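To start, the structure itself, in structure tokens.
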Amino acid sequence: RERNNNSFTQEYFQPPPKEIKVEITKDGDQFYFWNEDSGVFLAQGKDMEEIFDKCSRSYPNTKFYIPKEKAEKIGLNVTA
């Protein structure tokens, strides 16, 4: 923190995370993530860990939302 004469405290905050609703598809042993709203391809991988690793590097400070019914449709185990 840095203070000046008018008692203003300068602080830095990380911006709130961005949220992206994901369309997920599976072809063979590969999963594909698409931005549901824009249709932009986000990442592909053999499992969710690989995809989320790629997404977190490409889209920092972003949360990815997979609707439960879509996850179940391609066989992902989801909990409420």
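Please read these numbers as outputs of a predicted model, since none were measured by experiment.
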- Can you list every pair that meets ring pair (Phe, Tyr, Trp, His ring centres under 6.0 Å) and has a residue in residues 41-60, with sequence neighbours left out? Phe33-Phe52, Trp34-Phe41
- Qualifying residues under side chain to side chain contact (heavy atoms under 4.5 Å, CB included), relative to Lys73, sequence neighbours excluded: none
- Note on the structure: In short, Ile51 meets Gly45 closest at the heavy-atom pair CG1-N, 3.4 Å
- Message: Apply the hydrophobic cluster definition, ILVMFWY joined by side-chain contacts under 4.5 Å directly or through others, and give me every member besides Tyr65.
- Response: none
- Residues that Asp53 engages under side chain to side chain donor-acceptor pair (under 3.5 Å), provided they are two or more places apart: Arg57
- Task: Please step through side chain to side chain contact (heavy atoms under 4.5 Å, CB included) for the pair Phe31 and Met48, ending with a clear verdict.
- Result: CA-CA 8 Å; Phe31 292 95; Met48 292 299 102; 3.5 Å; yes
- Item | Distance in Å, Leu42 CG paired with Glu23 CD, rounded so as to fall on 0.5 Å steps | 11.0 Å
- Item | CA sep, side-chain torsions, deciding dist, call: Asn35, Val22, side chain to side chain contact (heavy atoms under 4.5 Å, CB included) | CA-CA 5 Å; Asn35 181 317; Val22 173; over 6 Å; no
- Task: Under the side chain to side chain contact (heavy atoms under 4.5 Å, CB included) rule, collect the residues that match up with Ser58, sequence neighbours excluded.
- Result: none
- Query: Is the backbone of Gln30 close enough, under 3.5 Å, to the side chain of Asp27 for a donor and an acceptor to pair up by distance?
  - Reply: no
- Using atom types as modelled and distance alone, determine if a side-chain donor or acceptor of Lys54 lies under 3.5 Å from a backbone N or O of Gln44. yes
- Message: Any heavy-atom pair between the side chains of Lys18 and Lys63 that's under 4.5 Å?
- Response: no
- Task: Start with the C-alpha distance between Thr62 and Phe64, add both sets of side-chain angles, then the distance that settles side chain to side chain contact (heavy atoms under 4.5 Å, CB included), and finish with yes or no.
- Result: CA-CA 7 Å; Thr62 302; Phe64 298 90; 3.8 Å; yes
- Task: Check whether more than 12 heavy atoms from other residues, nucleotides or ligands sit under 6.0 Å from atom CD of Glu49, and answer yes or no.
- Result: no
- Query: Which residues satisfy the side chain to side chain donor-acceptor pair (under 3.5 Å) test with Lys26, sequence neighbours excluded?
  - Reply: none
